[in-house]
Amino acid sequence: MEPGPCREFARAAISPLERHGRLLMGRFDLDSLLVELGVKRAGASDAPQAPATEQEAPHASAPCDAQSTDATPASGAPAPSPPATTKPAEGHGSVRSPASGGPSNRRDTTLNDPAERAQRLLVTPDDALGLLWGPPDDPDPAHTRNRELGAELANRGLIAPDQLNSLRTVLRQSPGRTEREVLIEMGVPEEAVQQTVAQMHGLEFEKIDPDEGVHSSYFNRLTADFCRRHLVMPLRKDGNRLVLGTVEPDNVFVVDEVRRLLGVSAVRQVIVTASAISLVIELQTQGDDQDIAVNDILADIDEGDVEVVENDQEDVDFAKQAGESPVIRYVNFIIQTALKEGASDIHIEPAEKKLKVRFRIDGLLLDMMNPPYKMHAAIISRLKIMANLDISERRLPQDGRIRAVVAGRKLDLRVSTLPSVTGEKCVLRILDARSIAVGLEQLGFDEASLEIWRRQIRQPHGIILVTGPTGSGKTTTLYSSLREMDTKKLNVSTTEDPVEYHLDGITQVQIHEKIGMTFAAALRSLLRQDPDVVMVGEIRDAETARIAIQASLTGHLVLSTLHTNDAPSSITRMINIGVEPFLIGAALNAVLAQRLVRRVCPHCKVPDPLTADMREFLATQGLDAAQVSKGAGCDRCRQTGYGGRLGIYELLLLDDVTRDAIARNPSVTEFRRMCVERGMVTLRQDGLAKVVRGLTTIEEVLRVTEATI
């Protein structure tokens, strides 16, 4: 016998409950199910019914088949019409009595009349589903409270009662928003919220490890957009089940979609935080946007845009570069962009799964590019090939040099690699001949100081020192000074470490300390070359200082550098090196200390009124101004308000009084005070004078002169 419609409907109602895991049911016989609900089959005894066996199954379908017809009860009495609705009673196994409409928590054994039994069994399919399950008419308040996240957090003491009231108010006024979102906005820790959600739903809470706690293959199949939109994350495989991190545990449709997309048989949910999912998505998709940008960039860059000038003495195997065209073009793009932006240095810095390219522009490092991390090794290897370095050596620092032609301009790039815990860092110093092909009048000297300095570099003998920290423009000042000399009538030689720029008509010597070619050895040899002017890259030790002094005392003009904070300190520094004070006083002509400050952008310069305190401060420096200038920010200066740099200077000229003071070996403080009293303009005074002239800002002057007067 075919099963009746009631049995088919009961099976259809049970099936989705089994499928979603909300009701664990085996194969039930309909008569047994009705007995459990308190409904007896016609002709059954009052004794408890045992579950039907396989042999009894054909007989179990008879009552349901009878329901599908208009059959009357055995007594022949007409069957009353069925009730309009039959609602389930509260709890398991309770049925609402048709007579009273109230719930009953025991089985109904009073329906002995055949007509009543027939009336009870004549139910519609909807009523049959109602007999199987239905929501309670009078829900338990505690049950509802446990389903309210805010109330549960309040019970646990994680939020105050007034916060709970605020939460409910916001939810009433903002339809569509979830409790989780509002609670997090109110400042409740997201982890505490999600832990409570997990406990309320009987699930586990997990913290995601961004590096190792994600199933990358499943993540790629789901896509980042899907995970971001539905706030899910495939974590790992646990046997045949996928462990899925979710933020909203009751979204069964998303779980079904994940199961369908990944083709897994089962999914186990764990609760995670939305912030952890966002972090994982950011790390997993890092470089995707850059890949698109890189492809656009490489389309406009050609391999020949940066032409490497090969050294005749060294052979470069360019066959190694085969198949690396994108990397070659990207390195060319970095160099071209740095040259276009006027950068002096390029920093390629790896981090944890990140790669950053920064340019030093106007003395400050600025983030410029974020290429994909997977390109790091290829970029470093390409630069090593260009600089003729060992690409297989990644544990030791290496230094090299690249000679290249970029956009028709000859460049020298000093390459330095340094191993770090996150990979090799590479710094390129851009040595552009155009950057030093400037006259002294373009460096920032005022008219009086410029005339004094030109007079000093025309002296027939003596020592002239330029002092300042690294990057203060000492080399540019010395090269510009050498260009002022008549190289056709003078023999000008230099000793440098390294030789940064090549100057026409000047003999330049590279220092190699490992083979004994030190500053002292090179200077001693140059003195046998009949020099008129000698430039020493740096006075580092007593031997170099003594040879330089001897050269100056025997009729040569010596230019050199020292690393000191100001001009008077250079005297004390040379004494500390081991030079006799009376020799310093006899040989030294002048000392120039300098710094570089950023120049106010001329394209967006606007007046900047001074406050009363600032006017008073300038008055103490002998300056009077009602307003200064600043840069408002424009596209040409990258919204910084600055464009280019200029120097501020402190020029110390030695006369008979200061020479006598040096012979007495004075302290730095005493000698500095004497120099200021005799008219020396300090770095800060010169910088503030340029502020009044609208060339720079007070902030820039204070930034570079904080350690000086």
Side-chain angles (χ1 to χ4, degrees), residues 436 439-441 443 445 449-468 473-497 499-509 511 519-562 564 567 570-571 573-574 577 579-580 582-594 649-656 658-659 662:
I436 63 164
L440 289 173
E441 64 279 355
L443 298 181
F445 284 101
S449 299
L450 179 59
E451 183 60 31
I452 295 174
W453 181 252
R454 279 178 168 160
R455 190 162 58 245
Q456 290 297 319
I457 62 176
R458 295 193 188 104
Q459 295 292 328
H461 55 80
I463 295 179
I464 300 175
L465 296 178
V466 180
T467 71
K474 300 186 300 295
T475 301
T476 301
T477 300
L478 288 176
Y479 278 16
S480 297
S481 300
L482 293 178
R483 289 179 182 275
E484 292 270 328
M485 300 177 181
D486 188 358
T487 56
K488 294 182 179 180
K489 298 180 179 179
L490 299 175
N491 179 14
V492 181
S493 303
T494 68
T495 61
E496 305 172 60
D497 184 23
V499 177
E500 296 184 349
Y501 302 98
H502 297 277
L503 304 176
D504 293 335
I506 297 177
T507 303
Q508 297 174 273
V509 179
I511 298 301
F519 278 112
L523 184 55
R524 189 179 295 110
S525 298
L526 284 179
L527 292 179
R528 304 190 188 102
Q529 296 288 317
D530 185 28
D532 295 300
V533 179
V534 176
M535 189 191 85
V536 182
E538 181 183 353
I539 295 180
R540 300 177 179 175
D541 50 39
E543 184 179 8
T544 304
R546 290 193 186 99
I547 297 175
I549 289 176
Q550 292 174 3
S552 66
L553 293 176
T554 55
H556 305 89
L557 180 64
V558 179
L559 285 73
S560 188
T561 66
L562 277 178
T564 59
S570 60
I571 307 299
R573 174 66 184 277
M574 293 191 69
I577 287 177
V579 181
E580 296 294 337
F582 71 91
L583 290 177
I584 298 174
L588 195 60
N589 290 348
V591 181
L592 179 71
Q594 69 177 66
Y649 301 97
E650 180 178 281
L651 182 56
L652 170 61
L653 298 178
L654 272 67
D655 55 16
D656 293 339
T658 53
R659 295 180 197 276
I662 293 173

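Model, not experiment: these values are computed from the prediction. Hydrogens, waters and symmetry mates play no part in the numbers below; they use all other heavy atoms, side chains included. Numbers for residues simply follow the sequence, beginning at 1.
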Distance from [X] atom [atom1] to [Y] atom [atom2], nearest 0.5 Å?
X      : Y      : atom1 : atom2 : answer
Thr467 : Arg573 : OG1   : CZ    : 10.5 Å
Ile463 : Ile584 : CD1   : CD1   : 9.0 Å
Leu652 : Thr658 : CG    : OG1   : 6.5 Å
Leu553 : His461 : CG    : NE2   : 9.0 Å
Ile452 : Tyr649 : CD1   : OH    : 14.0 Å

Give a yes or no on whether the backbone of [Y] and the side-chain of [X] come within a donor-acceptor separation of less than 3.5 Å.
X      : Y      : result
Asn491 : Asp532 : no
Thr554 : Gln550 : yes
Ser480 : Thr477 : no

Which atom names give the shortest non-hydrogen contact between [X] and [Y], and what distance separates them?
X      : Y      : answer
Ala522 : Ile511 : CB-CD1, 3.8 Å
Ile577 : Asp541 : CG2-C, 3.4 Å
Gly585 : Ile662 : N-CG2, 4.1 Å
Leu557 : Met485 : CD2-CE, 4.2 Å
Phe445 : Leu440 : CD1-O, 3.6 Å
Gly537 : Ser560 : C-OG, 4.5 Å

* Who are the side-chain hydrogen bond (donor to acceptor under 3.5 Å, both in side chains) partners of Thr494, not counting sequence neighbours? -> Glu496
Does the side chain of [X] reach to within under 4.5 Å of the side chain of [Y], using non-hydrogen atoms?
X      : Y      : answer
Met574 : Ile549 : yes
Leu562 : Val591 : no
Thr495 : Met535 : no
Leu592 : Ile464 : no
Gln529 : Val509 : no
Arg454 : Glu441 : yes

* Val533 vs His556, side chain to side chain contact (heavy atoms under 4.5 Å, CB included): CA-CA, chis, key distance, verdict -> CA-CA 6 Å; Val533 179; His556 305 89; over 6 Å; no
* Could you go step by step and tell me if Gln594 and Val466 meet the side chain to side chain contact (heavy atoms under 4.5 Å, CB included) rule? -> CA-CA 8 Å; Gln594 69 177 66; Val466 180; 3.7 Å; yes
* Could you go through the side chain to side chain donor-acceptor pair (under 3.5 Å) check for Trp453 and Ser481 one step at a time? => CA-CA 9 Å; Trp453 181 252; Ser481 300; 3.0 Å; yes
* Asked: Would Ile506 and Ser493 count as a side chain to side chain contact (heavy atoms under 4.5 Å, CB included) if you check the C-alpha gap in whole Å, the side-chain angles of each, and the deciding distance to 0.1 Å?
  -> CA-CA 6 Å; Ile506 297 177; Ser493 303; 5.9 Å; no
* **Over 12 non-hydrogen atoms of neighbours within 6.0 angstrom of CG in Asp656** => no
* Looking at Thr561, Asn589, Leu588, which hits side chain to side chain contact (heavy atoms under 4.5 Å, CB included) with Leu465? ->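 Only one option passes, and that is Leu588.
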* **Set of residues satisfying salt bridge (Lys or Arg N to Asp or Glu O under 4.0 Å) with respect to Asp486, sequence neighbours excluded** => none
* Which residues share a ring pair (Phe, Tyr, Trp, His ring centres under 6.0 Å) with Phe519, sequence neighbours left out ->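 So Phe519 forms no ring pair (Phe, Tyr, Trp, His ring centres under 6.0 Å) with any residue.
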* To do: Evaluate the criterion side chain to side chain contact (heavy atoms under 4.5 Å, CB included) for residue pair Arg528 and Ser525; output intermediate values, then yes/no.
  => CA-CA 5 Å; Arg528 304 190 188 102; Ser525 298; 4.0 Å; yes
* Are any of the side-chain nitrogens in Lys474 or Glu538 under 4.0 Å away from the carboxylate oxygens of its partner? -> no
